[in-house]
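So the structure is just underneath, and the comments pick up after that.
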Amino acid sequence: MKKTLRFILGDQLNLNHSWFEEKNDNVIYFMAETQQETSYVKHHIQKVVAFFLSMRNFAEELKDDGHKVIYYQIDDNENQQDLPSNLNKIIKNHQVEHFEYLYPDEYRLDIKLKTFCNKLSISSQAYSTEHFYTEREDIEKFYEGKKEMTMEYFYRDMRKKHGIMMLDDKKPEGGEWNYDKSNRKKWTGKPPIPEAKTFDKDVEGVLKQLESMEVKTMGRIDEDKFPWPTSRKECLEVLDYFCKNLLIYFGDYEDALHTDQKFLFHSRLSFAMNSKMLSPREVIETTLDYYYEHQEEIDISQVEGFVRQILGWREFMRGIYWKEMPGYKSKNELENKNKLPDFYWTGETDMNCLKHAVNQSLDDAYAHHIQRLMILGNFALLTMTDPDEVDAWYLGVYIDAIEWVELTNTRGMSQFADGGIVATKPYVSSGSYINKMGNYCKSCKYSVSKKEGDNACPFNNLYWNFLYEKQDHFKNNQRMNMMMSMLKKMNKETLDNHITRSKEIINNPNDF
Ligand code: FAD
Ligand code: SF4
C-alpha cells in the first residue's frame with residue numbers, strides 16, 4: 001500500500017467505519033481542531049467543547065487500537081488553522097503518496113476538499129462515511145417524476161426497504177404507518193420525568209485553550225456539569241438511558257412545552273448521531289429491540305414517532321440538502337429582510353415562551369423541535385426576519401447544528417424560505433397553539449386570549465399581519481385556503497389593529 005494520508009473531519013467520528021478494520025503502518029490518520037471551523041459562524045461554547053472533546057477521545061481510541069494518528073489541538077504550534085494548509089504540510093513532511101477523505105456532509109467542505117484534491121500532485125479518493133441509511137443522491141432518484149416531495153412517502157419507502165416495523169413486505173406493524181395524531185399531549189406534571197442524563201467531566205483545560213486562542217463563542221457553560229456525551233461509550237449510555245427511561249412516553253409528549261421541563265421525554269441523541277459517534281441504524285435497532293422486549297408497557301405510537309424522526313425526517317432533510325444545494329442557502333421566497341431581535345442573543349424579553357426558549361438555548365445549546373419551530377422560528381417568521389440571520393443563529397446555537405440538517409430545518413421547514421420544498425405550508429401560529437401545548441402563557445406578562453391592547457399576546461397580532469402581508473405568496477397554496485378566507489372575512493378595524501400593533505412589535509421587538 002502506498003504511503004496514505006486519511007483525513008477525518010470533526011463530525012465523522014464513526015469508529016465502526018471499514019477504514020479501521022485493518023491496521024497498516026503506511027496509513028496515517030489526521031484530525032485537526034481549526035479556527036477555520038470555529039469561526040465560519042459564532043458557535044455555542046458547549047458545541048465547540050463537545051466537538052473538540054469528542055474528536056480528542058476518538059483520536060485516542062484509534063491510537064489505542066494501534067492506528068497511526070496525527071492530531072492537532074487548537075493551540076498546537078504545528079496547526080496552520082486551516083484545512084488545506086494543514087494537509088499540504090503533512091503530505092510534504094511525511095512523504096505521503098496518496099490522499100483519502102470521507103465525503104463531508106457540508107457543501108462548503110465538499111467543495112474545499114474537491115478543490116484541494118484537484119490541485120494535488122498525488123492521487124486521491126473519497127469514501128462514504130458509512131453513517132446514513134441513504135446516499136446523497138437517493139432522494140433525487142426517489143422523487144423523480146413526482147409532483148411533491150412529501151416526507152411521508154419517503155418514510156414509508158424507507159420502512160419497506162429496510163424492513164423496519166413491517167409485518168410483511170407491505171403492511172406496517174400495528175396497521176398504521178404514522179401515529180402522529182397521538183403525539184400531541186400537553187404535559188401537566190405527570191407522568192414524572194426522569195432527571196436528564198449528564199456527565200461530570202473536566203472542561204477547564206479546553207476552555208483555557210479556547211480563551212488563549214481567542215475563539216469567539218456564544219451561549220453559557222456550567223463548568224461543573226457538562227451535559228453532552230463526548231465518547232462512543234457515553235453516547236451508548238445516553239441511548240440506553242433513553243430506551244429505559246424516556247421511550248415509554250416519547251411520542252405522547254413529543255410536542256409538549258413546559259416552563260419547568262427543558263427536555264421532557266426527548267432523547268438528546270442528536271449530537272451523538274450528528275457527530276457520527278452513533279449511527280442512526282444502531283439507534284433505531286437498539287430502540288426497537290428494547291421496545292419488542294417491553295411491548296406490554298410501551299405503546300407502538302411511542303416508538304413509531306421516534307423511528308419516524310430518524311428514518312424519515314433526518315434522512316429526508318439530508319437528501320433535500322444535497323438535492324438543493326448550493327441554491328438552497330440563499331432562498332428567500334417570502335422576501336423577508338428584518339433583523340433578528342437582539343433578545344435572541346440575550347434572552348431578555350417579556351414574552352415568556354420566547355424567554356424560556358432563548359434562555360434554554362443559551363444555557364444548554366438545546367431546545368426541542370417544537371420550541372425551535374413553533375416559538376423561536378414562529379416569531380422570527382412572523383416578524384419577517386431575514387432567513388440569513390435566522391440561519392446564522394440556529395447554526396451557531398445548537399449542539400447538533402451542522403448545515404445539512406440546520407439549513408433544511410430552519411430555512412425550509414421553519415422559515416418557508418424555500419417556498420414549500422420541505423413544508424407544504426408555513427409553520428406559523430397565534431398564541432393559542434403555544435398555550436394549547438404548554439404552560440408558558442400562564443406566567444406571561446401578555447394575555448394569550450387578548451387580541452387588542454397593550455397586554456395582548458404579540459403572536460396574536462403578528463399572525464394576521466403576516467397572512468395579510470404575504471397573501472400574494474399564498475394565493476395558490478390550497479393548505480392556506482381556510483386561513484386566507486378567514487383573513488378576507490375579518491372586519492377592517494380588527495385587521496387594522498393587528499397591522500398597527502404588528503408594526504410596533506416588528507420595529508421594536510426588544511421592547512416586548
Ligand atoms: P428527539 O426529539 O429525541 O428526536 C430523535 C432524533 O430524531 C433527533 O436526535 C434527530 O436526530 C432526529 N430528528 C428529529 N426531528 C428532526 C428533524 N426535523 N430533522 C432531522 N432530524 C430530526 N436537528 C439537528 O440535528 N440539527 C439542527 O441543526 C436542527 N435544527 C433545527 C432547526 C429548526 C428550526 C427545527 C424546527 C428543527 C431542527 N432540528 C435540528 C430538528 C430537531 O429539532 C432536533 O433534531 C431535535 O430537537 C434534537 O433533539 P433530540 O435529540 O432530543 O431529538
Ligand atoms: Fe408567548 Fe403569547 Fe403565551 Fe406570552 S401569551 S407565553 S407571548 S404565546
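Each ligand, and each atom within it, is numbered from 1 in the order the structure gives.
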Task: Among K436, H369, R184, the one residue meeting side-chain hydrogen bond (donor to acceptor under 3.5 Å, both in side chains) with D255 - done: H369

Would [X] and [Y] count as having a side-chain donor-acceptor pair, cut-off 3.5 Å?
| X | Y | value |
| --- | --- | --- |
| N14 | S279 | no |
| Q46 | W228 | yes |
| N336 | Q415 | no |
| T129 | K276 | no |
| E304 | Y291 | no |

- [ ] Measure across E173 and I300 and return the closest heavy-atom pair with its distance rounded to 0.1 Å.
- [x] O-CD1, 3.4 Å

Task: Under 2.8 Å from atom 4 (Fe) of ligand 2 - protein N/O/S, by chain and number - done: C444 SG

Open item on the list: Quick test of your reading: applying salt bridge (Lys or Arg N to Asp or Glu O under 4.0 Å), list the pairs with at least one residue in residues 341-352, sequence neighbours left out, ordered by first then second residue.
Closed with: K339-D342, D350-K445

Open item on the list: Holding to side-chain contact (heavy atoms from CB on, under 4.5 Å), I want the full list of residues that pass it with A401, two or more places apart in sequence or in another chain.
Closed with: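 Residues passing side-chain contact (heavy atoms from CB on, under 4.5 Å) with A401: K47, L395, Y398, E406.
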
- [ ] Show the protein residues that qualify under the rule heavy atom under 4.0 Å from an atom of ligand 1, listing them in chain and number order.
- [x] F250, H266, S267, R268, L269, S270, M273, N274, F306, Q309, I310, W313, R314, M317, Y366, A367, H368, H369, R372, L373, Y394, D400, A401, V405, E406, N409, T410, S414

